[in-house]
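Note that the structure is a prediction, hence the values are computed from the model and not measured.
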Amino acid sequence: MQAPSVGGIRVRQGNGETVRLSRGASLTDFADKVGVDAASLVQVLFHLGEMVTATQSVNDDTLQILGEELNYTIEVVSPEDEDRELLESFDLEFGEDEGDESNLIARPPVVTVMGHVDHGKTKLLDALRKANVVDKEAGGITQSIGAYQVNTEVDGNERTITFIDTPGHEAFTAMRVRGAQATDIAVLVVAADDGVMPQTVEALNHAKAANVPIVVAVNKIDKPEADPTKVRGQLTEYGLVPEQYGGDTMFVDVSAKSELGLGDLLESIVLTADAELDLRANPTQHAQGLAIEAHLDRGRGPVATVLVQRGTLRVGDSLVAGPAYGRVRALLDEHGNSMDEATPARPALVLGLTAVPGAGDNFMVVTDDRIARQIAEKREARERNALLAQRTGRRTLEDFMEHMEKGETNELLLILKGDGSGSVEALEDALAKIDVGADVSLRVIDRGVGAITETNVMLAAASDAIIIGFNVRGQGKASEVADREGVEIRYYSVIYQAIDEIEAALKGMLKPEFEEAQLGTAEIREIYRSSKIGNIAGCIVTSGVIRRNAKARLLRDSAVVADNLDLSSLKRFKDDATEVREGFECGLTLRGYNDLKVGDVVETFEMREMPRA
């Protein structure tokens, strides 16, 4: 059916049928699905006020607008469904144990440690695994995800528990969410001397959203000001009722520093797992799981920390993890020792990938390298299109005309480089939430894991961007090229310093706002006429201070008769004065204005720049 759409353009209209498109699809993709010419869709959007090319990745809102105009129901496929369909095309399935009940064996529980910043999560893990991570963390804040296994004895049986340490700073919400999604049990750490804090509630909500059992570790009980009873009372308000109060949540008093109650905590985790969860997996199938964290190592290349959820991961397996793939060259445990295989719930460092996967990407072992490469390439193309659509945003004709009129746009462009994919993503998410109004904006034009390269610097030079290095430094001649090209590189090791400085930079790009500050008033008592300089007002200062070169307005019978005048001269008797205070007499002139009368009031003021909130 042909019908005039917009501006007389004839485009075949739909009958309300559903069109499924992936995130970041282009108008060409849409045109192929509905059998029309992509150029006509470009024209339709142009008349709707949107400037989009045929091959440009388009965001969800623009696709919905176009669908409504042409009478199609647009269904944007979720990343999960998209990935499932991609794997199905290769006769693969993620997230299911193969075989029947006889193939399943018990596996250790995976535990995520969550809580407010500085409540002792990492110190608690230090005490459990006899390692010291805190001293290595910038500012004492965990800024990446680590996974470790510890052994304990419960009822005479040796049991293994896998711990995932998640960051505590608020900027790492996305990484903490991923930690909760990969976990069986959440340990909520609350300091006995501090009580429930905002991030405690946030972590609690993540754990509830992931629908996992919660064990509460009340830390720092050896402190004089500790009040474990207060913590129990506070958490009861959030639905965590201790067993001793008739509830079903296990609370354990611990001290990471004094190593008190650690055995009770491990026992509580095992008992909770046994009582509430049926933790079993098939160890004989191809390995599947999650990439917990990943970084680029100078000597070893891309290194990913993975958590095996089912199957057994072995050296030599063909692996695909998000947009990365490769053959497993080596498996290392948390202490850096080589392993031949990693069984269900076992965390391991994987070497041999071609790229750095994202934190939270799923991984799976496939039969050969060719399939792994094809899946990875399709995932990479899909993510790239989605990212382009997200960053491009909707650009309207009004925006275009406005920018043309201004000749410039107040936009801060950034290139982010970090030591781990989770850190880079968390930093980008935090920066995206900075809001200083509609006058200025922030856009990340590139991000990556690893050292800052000359390519990054040249991109920054070409686009007037600033490079943010998070726990990484310049590689080779990158710093030298940056100096030569005038590119600014900012290095950070603590995330909130980066957020604060970028926010300050954005506020600095705002046009200054001014407010009027009244200085003083003077009543005219006498008028002196001068052939050289015009009328001179003989005044007495009735309030505040009259200052030379200030702005002034003239009031007559409480009505403003002249505004925005310049107070050009000010004298005290025959001497020039900078300012005259209340109660003193003075003579003044207003530049270019001579209609002065006895009884008029001269009000002086100055415009002061307002600090941005």
Side-chain angles (χ1 to χ4, degrees), residues 56-57 138-139 143-144 171 294-299 301-302 323 355-356 358 380 383-384 387-393 395 399 403-404 406-437 439-512 612:
Q56 178 182 332
S57 291
Q143 310 199 79
S144 60
H295 66 278
L296 192 62
D297 188 280
R298 176 173 288 184
V356 179
E380 185 179 23
E383 288 186 13
R384 184 169 59 246
L387 206 58
L388 281 171
Q390 174 190 334
R391 290 176 182 169
T392 302
R395 190 177 185 192
D399 294 336
H403 291 158
M404 289 290 288
K406 289 180 180 177
E408 61 178 357
T409 174
N410 283 337
E411 187 175 48
L412 180 62
L413 303 179
L414 295 179
I415 294 173
L416 304 183
K417 293 299 289 284
D419 59 337
S421 54
S423 302
V424 173
E425 182 181 325
L427 180 58
E428 185 176 9
D429 287 345
L431 294 176
K433 292 175 184 174
I434 297 175
D435 182 19
V436 292
D439 295 335
V440 297
S441 60
L442 178 146
R443 185 155 60 96
V444 177
I445 61 172
D446 191 23
R447 67 172 183 175
V449 176
I452 297 165
T453 63
E454 291 181 47
T455 307
N456 299 139
V457 174
M458 296 312 295
L459 174 60
S463 53
D464 293 327
I466 294 172
I467 300 175
I468 302 295
F470 187 70
N471 283 332
V472 295
R473 287 293 183 267
Q475 184 182 68
K477 295 185 177 180
S479 299
E480 185 182 315
V481 175
D483 290 339
R484 187 171 69 243
E485 297 290 338
V487 172
E488 183 179 10
I489 302 178
R490 306 297 293 268
Y491 297 109
Y492 300 97
S493 58
V494 177
I495 194 167
Y496 53 73
Q497 290 179 354
I499 297 167
D500 291 345
E501 289 194 19
I502 297 299
E503 184 173 4
L506 285 172
K507 288 180 177 177
M509 292 170 67
L510 292 169
K511 292 180 180 177
R612 292 278 184 172

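Listed here is the closest heavy atom pair of Tyr491 and Ser479: OH-OG, 3.8 Å. Between Ala451 and Gln475 the shortest heavy-atom distance is CB-CB, 3.7 Å. Annotation for Ala478 and Ile452: closest pair CB-O, 3.3 Å, computed over non-hydrogen atoms. Nearest heavy-atom pair, Asp419 versus His295, reported as atom, atom and distance to 0.1 Å: O-CB, 2.5 Å. Ala498 and Leu431 get closest at one heavy-atom pair: O-CD2, 4.5 Å. Across Ile445 and Ala465, no two heavy atoms sit closer than the pair CD1-CB, 3.9 Å.
Residues passing the side-chain hydrogen bond (donor to acceptor under 3.5 Å, both in side chains) test with Glu488 are Arg490, sequence neighbours excluded. Residues forming a side chain to side chain contact (heavy atoms under 4.5 Å, CB included) with Val356 (at least two apart in sequence, or on another chain): Ala294, Leu296, Pro302, Ser421, Val449.
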Check step by step if side chain to side chain contact (heavy atoms under 4.5 Å, CB included) holds for Ile415 and Ile468. CA-CA 6 Å; Ile415 294 173; Ile468 302 295; over 6 Å; no
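Within the 4.5 Å cutoff, the side chain of Phe470 has heavy atoms near those of the Ile495 side chain. The closest side-chain heavy-atom distance from Ile502 to Ile466 is not below 4.5 Å. At a threshold of 4.5 Å between non-hydrogen side-chain atoms, the residues Ile499 and Gln497 do not count as touching.
For the atom pair Leu414 CG and Arg447 CZ, the distance stands at 13.0 Å (nearest 0.5 Å).
Pairs passing the salt bridge (Lys or Arg N to Asp or Glu O under 4.0 Å) check and including a residue from residues 472-487, sequence neighbours excluded, do not occur.
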